[in-house]
Amino acid sequence: MRPATVSASDPHSLPTDSPRPEGSWIQPLSTGILAALVGFASTFAILLEAFRAVGATPAEAASGLLAISVVQGLLTLVFSLRWRMPISIVWSTPGAALMIATGLPAGGYPAAVGAIVAAAVLIIVAGLWKPFGRAAGAIPKSLAGAMLAGILFELCLAPVKAMAAMPLTVAPIVIAWALGWRFARLYAVPIALVVTAVIVVFVTKLPPDALGHAAPALLFTPPALNWSTLGSLGVPLFIVTMASQNVPGLAVLRANRYDPDIGKIFVGTGLGSIVTGLFGGHLTNLAAITAALCAGPDAHADPAKRYWATVVTGLVYIVLGLGAGVAAVLVTASPPLLIEAVAGLALIGSFGGAMAGALADERARVPAVVTFMTAASGVAFFGIGSAFWGLLAGGLLMGLDPLRR
């Protein structure tokens with residue numbers, strides 16, 4: 001029996017003539033913990049590397065990880081309890097990859113914070129102004145996938161480059177990931193991350209008393225507006241977050257017959273992203289992969305009770321955020337190439353999915369390839385990065401197709 005649609009206006013809208021399936025409280029508890037641990041462990045190294053790439057200090061990176069973990073946990077709790085739906089809010093992993101690919105922006109770290117806040121404002125506008133939200137959601141999937149693939153391409157080469165530069169150190173990580181992919185695919189990246197942590201502890205020399213000052217602390221960063229950084233980072237952050245996180249996340253919910261008020265979710269995540277951005281954090285958005293865990297039957301047999309899984313996920317995210325200082329110290333003390341290698345392994349699946357989406361439409365294949373090549377090139381014009389120009393080039397070429405007018 002397929003679950004009936006649960007809407008934001010009527011969270012209990014199961015048919016009266018349908019028996020409510022029984023389930024155990026262990027299901028949402030275990031699924032919620034699993035979703036939080038997998039989501040956090042699989043991508044927090046990418047997030048910390050993104051902070052470092054745009055010029056954040058270890059303390060600022062720890063502040064950002066703490067802020068975003070707490071905010072996404074609170075948003076998950078509020079949305080799930082308000083609508084009684086399994087709505088999971090996470091940070092934007094593709095957006096973090098974009099930050100790594102962009103590197104230190106003009107204006108430094110404050111300008112990067114300004115770009116994050118600007119992208120958050122655009123998400124709020126998408127939630128309040130429906131035509132703008134529809135336009136953002138109407139970006140061709142082939143071009144959005146190609147842009148994301150171009151952003152991820154260089155990062156996914158990092159494991160290969162790291163193997164060539166430091167084979168004895170990187171080989172155990174790659175082997176652990178490959179074995180995890182073979183026998184426990186869901187845990188492949190967390191397993192590789194555990195091996196990396198062990199290597200870091202035994203190989204990397206931590207500064208004296210480094211862990212003694214690892215208690216999490218929030219640091220306010222005044223944003224700076226730099227027009228070239230807004231173009232090369234802010235606008236692409238908005239686009240990649242909407243196209244690669246919010247749209248798929250909404251699709252996962254609707255596939256499981258949940259229909260939340262997406263406008264309110266955009267406004268809430270946008271406001272949350274402004275708060276996290278001011279404390280060094282990043283954009284928050286709908287979860288896609290971990291959302292499938294919490295919205296499916298593994299979370300509970302009764303669709304009306306699956307929201308308890310995301311309630312647990314939100315609480316675990318807040319707890320994990322308290323360890324942000326230790327995580328930032330270990331990642332910062334590690335060789336950059338080592339962390340980039342782990343990030344690259346974590347992003348291989350995203351790269352494959354982005355390429356599949358980019359090439360799925362045969363008529364849009366050439367514009368998608370142009371978008372990919374331009375975004376992957378890393379070139380910049382007028383201080384604006386390649387991701388924006390890739391999307392523009394592909395869009396103009398697609399507009400020349402007479403059958404698409």
Side-chain angles (χ1 to χ4, degrees), residues 23-48 62 64-96 180 184-194 197 216 245-246 248-249 252-253 256 258 265 268-269 272-273 276 281-300 305-328 330-331 342-343 346-347 349-350:
S24 168
W25 61 269
I26 296 177
Q27 280 183 287
L29 177 63
S30 59
T31 301
I33 294 174
L34 175 64
L37 292 178
V38 169
F40 192 93
S42 299
T43 58
F44 87 89
I46 301 171
L47 189 64
L48 288 177
L65 183 57
L66 170 61
I68 197 167
S69 297
V70 172
V71 168
Q72 72 183 24
L74 290 175
L75 287 173
T76 297
L77 287 172
V78 170
F79 289 144
S80 298
L81 292 172
R82 170 66 179 82
W83 292 322
R84 299 190 179 184
M85 298 185 201
I87 298 173
S88 179
I89 304 300
V90 296
W91 57 64
S92 173
T93 301
R185 197 159 296 188
L186 187 63
Y187 304 98
V189 174
I191 289 171
L193 195 62
V194 170
Q245 289 278 173
N246 280 329
V252 168
L253 287 171
N256 287 278
Y258 297 99
I265 290 178
T269 55
S273 297
T276 60
H282 182 31
L283 295 183
T284 57
N285 44 243
L286 281 169
I289 297 175
T290 54
L293 289 173
C294 296
D298 288 340
H300 202 283
K305 295 181 180 178
R306 291 174 189 168
Y307 74 96
W308 286 113
T310 49
V311 170
V312 172
T313 298
L315 293 173
V316 174
Y317 273 134
I318 294 172
V319 173
L320 290 173
L322 300 179
V326 175
L330 292 176
V331 170
V342 178
L347 291 168
S350 297

message = Apply side-chain contact (heavy atoms from CB on, under 4.5 Å) to residues Ser88 and Phe79 and explain how you reach the verdict.
response = CA-CA 8 Å; Ser88 179; Phe79 289 144; over 6 Å; no

message = Restricting to side chain to side chain donor-acceptor pair (under 3.5 Å), what partner residues turn up for Thr310, sequence neighbours left out?
response = Ser80

request  = Under the side-chain contact (heavy atoms from CB on, under 4.5 Å) rule, what do Tyr307 and Ile87 come out as? Steps first, then yes or no, please.
outcome  = CA-CA 7 Å; Tyr307 74 96; Ile87 298 173; over 6 Å; no

key: Note, Leu322 side chain near Leu66 side chain (heavy atom, < 4.5 Å)   = yes

request  = Under the side chain to side chain contact (heavy atoms under 4.5 Å, CB included) rule, collect the residues that match up with Ser273, sequence neighbours excluded.
outcome  = Ala120, Thr276, Leu283, Thr284

key: Test side-chain contact (heavy atoms from CB on, under 4.5 Å) applied to Val319 and Leu315, step by step   = CA-CA 7 Å; Val319 173; Leu315 293 173; 5.8 Å; no

key: Non-neighbouring partners of Ser92 that pass side chain to side chain donor-acceptor pair (under 3.5 Å), sequence neighbours left out   = Thr241

ask   = Leu29: what forms a side chain to side chain contact (heavy atoms under 4.5 Å, CB included) with it, not counting sequence neighbours?
value = Trp25, Ile33, Val312

note = Interatomic distance, CD@Gln72 vs OG1@Thr269, rounded to 0.5 Å, equals 11.5 Å

inquiry  = For Val90 and Tyr317: C-alpha separation, side-chain torsions, deciding distance, then whether side-chain contact (heavy atoms from CB on, under 4.5 Å) applies.
reply    = CA-CA 9 Å; Val90 296; Tyr317 273 134; 3.5 Å; yes

inquiry  = Checking the side chain of Arg306 only, and the main-chain atoms of His300 only, is there a donor and an acceptor separated by less than 3.5 Å?
reply    = yes

request  = Return the set of residues passing side chain to side chain contact (heavy atoms under 4.5 Å, CB included) with Ala96 (not counting sequence neighbours), or none when no residue passes.
outcome  = Ile46, Leu47, Ala50, His282

